[in-house]
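For reference, the structure discussed in these notes is given below.
Just so it is clear: chains get the letters A, B, ... in the order the sequence lines come, proteins before strands, and each one is counted from 1.
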Amino acid sequence: MAPSAASFLVLKNIRKSYGDHAIIKGLNAEIEKGELVSFIGPSGCGKSTLLRSIAGFTKLDSGQIILDGKIVNDDVPHKRGTGMVFQNYALFPHLSVESNVGYGLKILGQSKAQIRDRVEELLGLVHLPGLGKRRIDQLSGGQQQRVALARALSLNPKILLLDEPLSNLDANLRVTMRAEIKRIQKQLGLTVIFVTHDREEAMSISSRVMIMTGGLVEQLGSPTEIYDRPATEFIAGFVGHVNPLEGNVQSVNGTQGIIRVSTQLGPLEVFSNGGDFQTGEAVKLIVRPEHITICASQSPAGCTGKAPDGNGQLVGQVIDAMYTGSIVKYNVSIGESKLIVEQYNPRECGVFSDGQRISMKISRDVHILRKGEAA
Amino acid sequence: MDTGVGIKGTDTPGFAGMPGRNSLGCLNGLKAGFADLAKEPVVAITTVFIVCGMLLFIVYPIAMVLIKSLYPDGVFTLSDYSQFFSGGFHLRCFFNSVLLACIATPITTFLAFAFAFMARKGPRPLRTFFRLNAILPFVTPPFVFALALIILGGRNGIISKFFGIEMSLFGWPGVIIAQVLHFIPLAFIMIDSVMASLNPNLDEAAASLGGSQLRTLGTVTVPLCLPGILKAGLMVFILSLADFGNPSLIGGGVPFLATESYLLVIGQNDLGMASVYSVMLLVPSLVLYYLHRYVVHEDKFKTIGGAPMAREEHPVHPLVKVPMLIICIVTSLAILTIFAVIIGGAFTRIIGINNTFTLAHFSVASSIFALKNSIETSFYSSVIGTVAGTILAFILVRKTVPGKMLLEFISLSGFAVPGTIIGIGFIIAFNNPPLALVGTMSIIVLSMIVRTLAVSVEAGMAKLYQIDKSIEEASHNLGAGSVRTFMKVVLPLMFTAFFGGMVYSFIYSMNTLSAVIFVAAPRYNLAPLAIFQLANEGRIGQACALSLFLILSVFLSLGILKAVTRCLGFKNV
Ligand SMILES: Nc1ncnc2c1ncn2[C@@H]1O[C@H](COP(=O)(O)OP(=O)(O)OP(=O)(O)O)[C@@H](O)[C@H]1O
Ligand SMILES: [Mg+2]
């Protein structure tokens with residue numbers, strides 16, 4: 001499988017082990033120019049290792065890193081055109097802000113005036129104009145982050161690599177800084193790889209998210225793809241709440257793209273989304289809390305709770321309700337099963353209280369996974 | 001998660017009470033200090049006790065030296081000083097001493113840096129070898145290096161014999177080589193500890209910005225190690241200035257302040273002029289020490305951001321690696337040669353001349369006796385000194401006491417005060433009743449404590465600055481008083497510093513010569529002293545044998561100390 005030559009960064013069959021411990025196990029991925037891609041995955045899955053091998057700090061066992069059409073595997077870090085922001089910023093504590101940002105320019109042999117102008121420009125870009133003379137330890141965490149960013153951008157890198165750049169900042173600052181990174185990325189048309197632990201962070205700023213597990217790419221896609229069409233149940237759970245529903249395909253209505261699945265909640269009709277499902281096949285439905293809408297309260301009489309006709313109508317009982325203003329989160333029991341339901345805009349039909357019976361409807365938009373994929 | 005704006009200062013006590021406070025503030029501070037002390041009687045009593053001890057055994061003897069230099073015979077006169085400065089012999093001693101320190105310091109510091117660098121980034125199999133070699137000289141008395149150099153490079157030394165060349169290491173070359181080799185451990189430890197705290201990502205950041213390794217070394221590594229390098233340089237300078245054993249054994253008649261002041265006391269009983277010499281030794285040391293500690297910011301650069309990540313290493317560029325490797329290997333071989341010569345000297349009749357095997361040198365009763373005394377006094381002094389030092393550190397860091405700055409300065413003065421002065425001060429101060437201590441075991445122990453107290457105080461203070469105060473506050477909050485908190489919370493946390501201080505003090509005391517040579521009487525001999533005398537009398541074999549015994553007993557005692565503390569339940573030592 002030849003990766004398309006057009007991609008800006010191609011990672012081809014990358015392998016890396018420490019001792020006999022394989023960390024990256026033949027990873028393939030492609031990143032386009034101008035994208036902001038987040039790497040996200042459980043701790044120890046190899047995100048930093050991958051990033052550092054792109055930067056040239058870690059030598060690969062095999063595979064190719066092709067950046068802008070050139071294989072850079074054997075290039076030294078500063079010849080690759082990568083700028084790196086470290087988790088701990090790695091600012092030179094004995095140098096001023098100015099000298100930190102201008103460090104690489106000085107090595108390039110630029111004149112004092114050139115360096116001064118460029119440093120001032122970079123500091124302006126990261127909104128720290130005039131702070132050039134400060135010592136690093138006279139800066140706040142957020143300011144240090146900005147300096148690190150300016151320094152990484154100083155040599156006009158083709159690609160900016162950020163390893164958990166925001167993890168040392170407090171919650172509010174993280175939100176500000178990720179917006180800043182996004183702004184700078186847009187302003188310069190930069191290609192950025194952003195390693196993070198924070199799902200919300202990844203989903204909110206990335207053009208695409210790469211989910212890694214065990215040294216391999218589990219899925220690389222836009223945030224909506226990842227959320228709405230997760231490749232595996234793991235990913236589905238990784239990026240949000242799921243009510244997994246196991247079932248079997250009862251019938252397939254090819255013309256409408258609708259399939260009928262029997263579940264423990266009764267038969268449900270869902271969109272197949274182009275998936276080629278066979279009658280009898282075991283599947284798993286990924287029901288997000290917002291896939292369920294609450295229709296009305298329901299009198300307790302004569303309710304089995306099962307959906308009678310496959311239209312997604314269910315009756316259940318509220319176990320508890322958590323009101324957060326714009327959303328109400330319910331835990332609902334339907335017979336033996338429990339569902340998490342989120343109701344947006346609670347003003348429309350009010351907040352239901354514990355023990356109350358409600359009727360609900362499951363949207364046909366739920367994602368459907370084959371049993372094999374769901375593993 | 002660490003919020004990351006920097007790890008707490010790991011070094012250098014605060015600057016509370018620095019000059020610049022007005023006198024009113026000072027007075028208020030004093031009042032507050034006394035008031036705080038009154039609330040905690042045990043702390044107050046301990047403080048008073050330790051302060052009295054320091055006044056009596058540090059300040060008083062040094063003051064006596066100053067007084068003696070001005071009142072040599074009970075009458076005020078500057079004649080000794082004017083004689084000293086009138087040129088000629090006295091001034092030559094001074095310039096020789098300073099010149100020696102100026103030569104030995106940069107060489108030692110450079111070698112120590114190379115060792116520290118190579119012990120971290122050199123070829124893997126050699127790292128431990130370098131580390132051990134850089135520490136090894138510490139286990140012997142300094143002048144053992146001179147002794148070995150005499151055997152090797154004296155007029156009839158092995159080298160002359162073997163290569164048939166006329167050469168002599170006596171004089172400057174010998175003293176410099178001996179000093180440099182012996183001071184490497186101290187400088188190494190200081191530089192290494194700073195290097196250990198460097199964030200490895202800094203190298204990578206420099207590399208990704210195009211910094212070559214040489215450039216990174218020059219613009220990142222060395223500047224960041226500068227606090228350690230400066231400190232190492234300072235200590236080496238002071239030690240070299242005050243070194244007594246090496247110049248007197250291999251100095252070949254070149255006069256230095258420390259050696260001549262000994263001769264003035266022992267040979268001519270001229271305590272007045274000896275005191276002037278001591279003052280001249282003390283002044284540059286104190287000035288440098290003060291400058292270093294309070295003017296030059298000695299703060300280690302704080303690691304900014306979160307915990308640095310240890311990652312795989314990047315190979316060192318040959319341009320950096322090869323020269324450093326050569327330097328380290330040559331130096332290591334030199335150090336090992338010294339030890340080999342001592343071992344050889346101990347087991348042969350007259351090494352280089354009659355190389356037949358013998359054990360005769362080991363069977364000297366007086367040597368064994370001296371060794372026993374050394375172990376005994378070093379044990380007492382290291383235990384007492386470390387306990388006092390730890391308590392002192394705790395008081396200095398955590399308690400409000402009046403005159404804290406001064407107290408800190410005095411307790412750390414051991415770093416700056418040459419042993420010769422302590423020795424001369426002790427014989428002036430404690431020669432007469434009620435404190436006629438000269439020649440007793442206690443004066444030896446005391447002099448050792450005075451010399452080593454600074455180490456445990458500093459180690460303790462550094463550790464305490466790392467331990468968050470909230471841990472102690474939690475203990476107070478649960479109803480524990482100062483003493484209980486100290487015993488149950490602080491001491492266990494400080495144990496590594498405590499143990500380190502104790503080990504250092506013990507080894508140092510086992511090997512020290514410059515102070516004890518004045519106060520130890522023949523009836524209470526010590527091992528380093530005995531080795532020195534034997535070497536001076538030309539009984540090289542016996543000197544080597546006793547040196548070997550001394551080295552072995554240092555190792556043995558360390559082993560026992562370690563085992564004992566293990567048994568006491570301290571695991572991570
Ligand atoms: N220099 C090294 N030597 C040996 N093992 C290493 C080294 N660096 C990383 N590893 C191992 O490789 C694995 C992947 O590490 P990596 O730092 O890439 O994970 P990560 O996905 O970045 O994790 P986190 O989210 O916690 O930062 C881990 O199991 C780690 O222990
Ligand atoms: Mg990581």
Taking the side chain as every heavy atom from C-beta outward, state whether P223(B) and F92(A) have any atom pair closer than 4.5 Å.
no

Toward chain B, the part of K106(A) with a non-hydrogen atom under 4.5 Å:
both

How about L209(B) and H78(A): do any of their side-chain heavy atoms sit closer than 4.5 Å?
no

Interface moiety of R80(A) toward chain B, non-hydrogen atoms closer than 4.5 Å
neither

Given side chains that start at C-beta, do those of Y103(A) and V220(B) come closer than 4.5 Å, heavy atoms only?
yes

Within a radius of less than 6.0 Å around CZ of F129(B), do more than 12 heavy atoms belonging to other residues, nucleotides or ligands occur?
yes

Tell me, for I107(A) versus chain B, whether the close heavy atoms (under 4.5 Å) come from the side chain, the backbone, both or neither.
both

For the OG atom of S208(B) and the CG atom of L155(A), what is their distance to the nearest 0.5 Å?
8.0 Å

To the nearest 0.5 Å, what is the distance between CG (L224(B)) and CG (L95(A))?
7.5 Å

At a heavy-atom separation under 4.5 Å, does T219(B) approach chain A through its side chain, its backbone, both, or neither?
both

For A90(A) and A205(B), which heavy atoms make the closest approach, and how far apart are they?
O-CB, 3.8 Å

Heavy-atom proximity to chain B below 4.5 Å, by part of S99(A):
neither

For residues P93(A) and L202(B), determine if any side-chain heavy atom of one lies less than 4.5 Å from a side-chain heavy atom of the other.
yes

When rounded to the nearest 0.5 angstrom, what distance separates CE in M84(A) from CG in N201(B)?
7.0 Å

